[in-house]
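Below is one structure, written out as structure tokens; comments come after it.
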Amino acid sequence: MSLDVQFMPGPEFATAADRDDPLARFRERFHIPQLPEAGDAVYFTGNSLGLQPKTARDYINTELDDWARLGVEGHLHAHHPWLPYHEFVTESLARLVGAKSIEVVAMNSLTVNLHLLMVSFYRPTAKRCKIVIEKGAFPSDQYAVESQLRFHGIETSSLIELTPREGEAILRTEDILELIEREGESIALIMIGGVNYYTGQAFDMAAITEAGHHKGCVVGFDLAHAAGNLELKLHDWEVDFAAWCSYKYLNAGPGGIAGIFVNERHARSFDLPRFAGWWGHDKATRFLMGPEFVPLAGAEGWQLSNPPIFQLAALRAALEIFDEATVPALRAKSERLTGYLEYLLAQIATERIELITPADPQQRGCQLSIRVRDSDKQLFDAITARGVFADWREPDVIRVAPVPLYNSFSDVFRFYEVISEALR
Ligand SMILES: *Cc1c(COP(=O)(O)O)cnc(C)c1O
């Protein structure tokens, strides 16, 4: 079946591919969890918590030192002054998601941001009040949209869940577009994941946005599994808004500060309702402490509070590495690395596992979701016991994510050896 002369089955291929990999040097920039006797673990859970950049500690320590040395004066006189600190990551965030700098800001955490954005971008009317989400979305997203419906006094039956066809695991783009075409006039908001956390399916964000706009719907994406994983062009795709967390592929640490995108065409839509706080207020007059809220233009106008500097410091460390490696180069490696994993898994003659992630590289990021027959979690326990970091998602999936920034072709080969052995 496979025409993949680009891959070969033996371990020599992995060694040679690592030697030729222009991004291989980035692995050293991260702390790789160690196994008691065997050195580096095979860390395939960067889709859940990305690894720590070695620079993160220094960056946070600098802020601790400045705080100790300067106290409140750090707002203006720290090495990287705290007052404008969030701006130090703006350009990098914009590059990462394909945005203009006015369209992005780092703030809060993901679910909080989804709510704040829905305050502005979910504007139900009697005729148009439905929300579209993918069935099997990350639970937090499901809770968020349902609670938004209830908040507006709308039945939760107004939530449309995109469901795969009978017997299929992933959604077909044609079915998504057809639903939008059919029901669009009653849909206020389409808000789905850029990449589904469970199946690893990447959606055609450009086509969905276009179809939604054609019907007058607002279109937003949760990019938790897409940011730092796919090449994104949010501005060119004309996406209305997006939000993502930074502790998965972005490696900014547990609970790290999240990010939002608001399309430039909404930058000065000051008539949109929004929840306000002083950090979203005009910078020129913020410290006059006046009574009237004057929002900043662009994504910054959605900020509420002064941001957590230690988290921003960790994010800055992480994003500098993305700037150096560049998203297109990472994506090119990612397609090869995941293609190699898929190729090796196909060598295993077993009925016990099957991949549910799309085989088309355009429809996935780095993650592969392995469905295990009969929900047999023992296979997962066996690979875990052999030093692989993967995760089990109920009811029957092992997720593995070879991350191009720090995973190697040799990691993929070791994973293949481990899972082959566990299956025997
Ligand atoms: C990881 C993830 C979340 C987590 O939300 P937090 O607010 O960061 O805790 C939410 N939605 C999706 C799609 C995710 O993948």
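As the structure is a computational prediction, the values presented were derived from the model and not from experiment. Residue indices begin at 1 and follow the sequence shown. Whatever order the structure lists them in is the order used to number ligands and atoms, beginning at 1.
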What residue and atom, counting heavy atoms only, is the protein's closest point to atom 3 (C) of ligand 1, and at what distance? Phe138 CE2, 3.4 Å

Could you point out which residue of Val218, Ile260, Val219 forms a side-chain contact (heavy atoms from CB on, under 4.5 Å) with Phe241? Val218

Which is closest to atom 6 (P) of ligand 1 in terms of heavy atoms, Tyr247, Tyr197, Phe221? Tyr247

Give me the ring orientation class for His225 and Tyr197: parallel if the planes are under 30° apart, tilted from 30 to 60°, perpendicular past 60°. tilted

Give me the ring orientation class for His281 and Phe293: parallel if the planes are under 30° apart, tilted from 30 to 60°, perpendicular past 60°. tilted

Contact atoms of ligand 1, heavy-atom distance to [X] under 4.0 Å:
X	answer
Asp222	11 (N), 12 (C), 13 (C)
His225	15 (O)
Lys248	1 (C), 2 (C), 3 (C), 14 (C), 15 (O)
Thr111	5 (O), 6 (P), 7 (O)
Asp141	10 (C), 11 (N), 12 (C), 13 (C)
Ala224	2 (C), 12 (C), 13 (C), 14 (C), 15 (O)

Arg57 atom CZ, over 12 foreign heavy atoms within 6.0 Å: no

Taking 4.0 angstrom as the limit, do Arg27 and Asp40 come out as a salt bridge? yes

How about Trp82 and Phe88: are their ring centroids closer than 6.0 Å? no

